[in-house]
Amino acid sequence: MPELPEVEIVCRGLEAAFVGHRLTGVIRRFSQLRWPIPDDLESAIIGSPSPGEVAGILRSVQRRSKYLLLGFDTGTLLIHLGMSGTLRRLPADTTPRAHDHVDFVFGDQVLRFNDPRRFGAVLWCAGGAGAAVQDSHALLRRLGVEPFSDAFTGRLMYEATRRRKLAIKQVLLSGAIVVGVGNIYASESLFRAGIRPTTAAGRISRPRYERLVVAIRQTLTEAIAAGGSSLRDFVASTGESGYFQLRCFVYGREGEPCRVCATPVRAIRQQQRATFYCPSCQRA
DNA sequence: ATTCTGACCTGATTGC
DNA sequence: TGCAATCAGGTCAGAA
């Protein structure tokens with residue numbers, strides 16, 4: 001399952017493979033994901049073209065947080081991969097396998113959504129293209145800033161967390177201030193910034209937030225460069241396995257020596273999620 | 001308003 | 001070997 005770097009890689013893959021291509025059909029095999037996949041998605045996307053008009057061209061692919069936004073003339077297809085979702089590009093006659101819930105057919109190619117755990121989502125947002133969706137859709141409206149945007153600054157983190165008692169790790173995961181920092185990269189970023197994950201967000205100084213912002217951007221950038229993935233079953237939209245494990249400083253390394261100071265890495269749980277840190281490098 | 005808990009699911013791994 | 005418990009990269013809805 002994908003964190004932001006994986007979704008970013010998928011986004012780029014989709015753009016390269018499908019933008020400018022014409023969607024010719026939608027095959028929905030199973031609709032019970034986090035929310036039901038809408039009925040008649042196919043006619044919603046293709047619309048009712050006048051004779052001779054070419055309809056269903058994919059115009060754009062964007063990412064907002066971990067949502068993929070596929071722009072058509074008629075509206076925006078919103079895809080979230082949840083914990084276990086994958087998108088693959090396959091020849092249209094490829095026999096579907098378990099958990100292949102929906103196909104987006106583009107002529108002789110198909111974009112196939114597979115999601116065993118079904119935490120993912122496929123939704124349709126009619127009308128307003130591009131930016132309008134981001135302001136109007138309930139799922140996107142209240143998201144924090146993008147980590148690579150100019151709006152993501154130490155000052156923002158500092159001001160948004162005054163009087164907050166929640167642990168910084170949980171603030172990062174919540175996505176209310178900045179999006180796209182998932183469970184692995186939250187631990188990794190906090191390590192790089194030398195901040196203990198349990199520290200109350202409101203007690204962290206502005207200079208330390210400046211460091212954290214740099215650390216988050218570095219961590220995500222490196223993960224994207226590494227091919228984006230840390231997950232076992234991630235498959236890029238081109239079809240080849242995107243499996244690539246970014247070398248983690250702390251995540252998944254309980255008891256192993258810190259790569260900086262050799263102190264054993266510690267594992268704890270915060271709101272039922274695993275957190276890893278170095279008790280020596282991250283003292284507060 | 002903020003924080004916490006439960007819920008949604010399958011599949012891989014761990015432990016008895 | 002078999003079976004149950006635990007855990008997994010997300011995030012929403014509703015309760016405290």
Side-chain angles (χ1 to χ4, degrees), chain A residues 1-10 29-37 63-68 78-87 97-101 113-123 137-144 147 160-190 197-203 216 219-220 222-224 226-236 241-255 267-276:
Chain A
M1 192 328 11
E3 291 208 23
L4 181 140
E6 289 78 14
V7 179
E8 178 63 25
I9 295 295
V10 172
R29 301 187 185 82
F30 190 85
S31 67
Q32 303 308 304
L33 304 182
R34 177 184 256 279
W35 296 285
I37 300 178
R63 178 190 59 71
R64 173 71 175 106
S65 186
K66 294 168 191 165
Y67 293 91
L68 291 162
L78 215 132
I79 301 177
H80 197 293
L81 301 175
M83 292 274 268
S84 57
T86 56
L87 285 168
R97 296 195 284 196
H99 312 302
D100 282 341
H101 303 312
F113 178 78
N114 179 288
D115 185 10
R117 288 180 77 180
R118 295 193 243 141
F119 289 174
V122 174
L123 299 170
H137 200 287
L139 291 172
L140 306 180
R141 208 181 315 153
R142 281 192 288 272
L143 293 174
T161 52
R162 289 313 86 192
R163 297 165 183 270
R164 296 287 302 273
K165 291 180 180 170
L166 199 59
I168 181 60
K169 158 98 181 316
Q170 286 152 230
V171 167
L172 291 178
L173 280 187
S174 81
I177 304 174
V178 60
V179 298
V181 185
N183 202 43
I184 292 177
Y185 300 131
S187 282
E188 291 299 297
S189 301
L190 288 165
T198 50
T199 301
R203 299 185 46 98
I216 288 170
T219 304
L220 296 177
E222 287 176 26
I224 291 169
S229 188
S230 42
L231 73 148
R232 214 168 310 142
D233 60 352
F234 171 72
V235 180
S241 169
Y243 177 34
F244 191 101
Q245 176 75 51
L246 180 71
R247 191 164 181 258
C248 288
F249 282 103
V250 288
Y251 188 87
R253 299 190 65 243
E254 179 177 14
I268 57 172
R269 292 190 83 75
Q270 293 179 284
Q271 289 193 199
Q272 354 213 47
R273 312 297 305 277
T275 299
F276 299 85

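Lettering follows sequence order; numbering is per chain, from 1. Heavy atoms only: backbone and side chains are in, while hydrogens, waters and symmetry mates are out.
When the P atom of B:dC9 is taken as reference, atom NE2 of A:His80 falls 17 Å away, rounded to whole Å. What separates CZ of A:Arg142 from C1' of C:dT11 is a distance of 13 Å, to the nearest Å. For A:Gln271 and C:dG9, the CD to P distance is 14 Å, given to the nearest whole Å. In this structure, A:Phe30 atom CZ and B:dC8 atom C1' are separated by 12 Å, rounded to whole Å. Atoms CG (A:Leu173) and C1' (B:dC4) sit 14 Å apart, rounded to a whole Å. When the P atom of C:dG9 is taken as reference, atom CG of A:Asp115 falls 15 Å away, rounded to whole Å. Between the CZ atom of A:Phe113 and the C1' atom of B:dC9 there is a distance of 12 Å, rounded to whole Å. In this structure, A:Tyr67 places its OH atom 7 Å from C1' of C:dT11, rounding to the nearest Å.
Not one N or O on the side chain of A:Arg142 forms a donor-acceptor pair closer than 3.5 Å with the backbone of A:Ala138. A distance-only check finds a donor-acceptor pair linking the side chain of A:Arg162 to the backbone of A:Gly202 [under 3.5 Å]. Of the possible polar contacts, one joining the A:Ser174 side chain to the A:Val171 backbone as a donor-acceptor pair under 3.5 Å is found. Although no hydrogens or angles enter the test, the distance criterion places a donor-acceptor pair under 3.5 Å between the side chain of A:Asn114 and the main chain of A:His99.
What you find for A:Ile177 and A:Ala160 is that their closest heavy atoms are CD1-CB, 3.7 Å.
Using cut-offs of 30° and 60° for the angle between ring planes, the A:His101 and A:Phe30 rings count as tilted.
Each of A:Val171 and A:His99 lies near DNA chain B, and the nucleotide nearest A:Val171 is the one positioned closer to the 5' end.
Here the separation of C:dT6 from B:dG6, taken at their P atoms, is 14 Å to the nearest Å. Between B:dG11 and C:dC12, the two C1' atoms lie 23 Å apart (nearest whole Å). Taking atom C1' on both B:dT10 and C:dA13, the two are 22 Å apart, rounded to the nearest angstrom. B:dC9 and C:dG14 are spaced 16 Å apart, taking the P atom of each and rounding to whole Å.
Between A:Arg164 and B:dT3 there is a side-chain polar atom (N or O) within less than 4.0 angstrom of OP1 or OP2. Contact between the side-chain N/O atoms of A:Arg162 and the OP1/OP2 oxygens of B:dT2 is not found at any separation under 4.0 Å. Taking only side-chain nitrogens and oxygens, A:Tyr185 never comes nearer than 4.0 Å to OP1 or OP2 of C:dG9. A sub-4.0 Å separation between OP1 or OP2 of C:dG10 and a side-chain N or O of A:Arg273 is present. Regarding contacts with the backbone of B:dT3, every side-chain N or O of A:Lys165 stays at 4.0 angstrom or more from both OP1 and OP2. Between A:Gln272 and C:dT6 there is no side-chain polar atom (N or O) within less than 4.0 angstrom of OP1 or OP2. Put simply, A:Arg118 has a side-chain N or O that comes within less than 4.0 Å of OP1 or OP2 on B:dT10.
By the criterion of a centre-to-centre distance under 5.5 Å and near-parallel planes under 30°, the ring of A:Phe119 forms no stack with the base of B:dC9.
Applying the 3.5 Å distance criterion, the base of B:dC9 shares a donor-acceptor pair with the side chain of A:Arg117.
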**OP:** Show the numbers, then the answer: is there a side-chain hydrogen bond (donor to acceptor under 3.5 Å, both in side chains) between A:Thr275 and A:Gln270?
**Re:** CA-CA 7 Å; A:Thr275 299; A:Gln270 293 179 284; 2.7 Å; yes

Subject >> Canonical and wobble pairing (Watson-Crick, G-U, under 3.5 Å) of DNA chain C, dot-bracket with | >> reply: .|||||||.|||||||

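Across all strands, A:Arg269 comes closer than 4.0 Å only to sugar-phosphate atoms, never to a base (heavy-atom distances).
Annotation: A:Arg29, atom CZ; neighbour count of heavy atoms from other residues, nucleotides and ligands within 6.0 Å is above 12.
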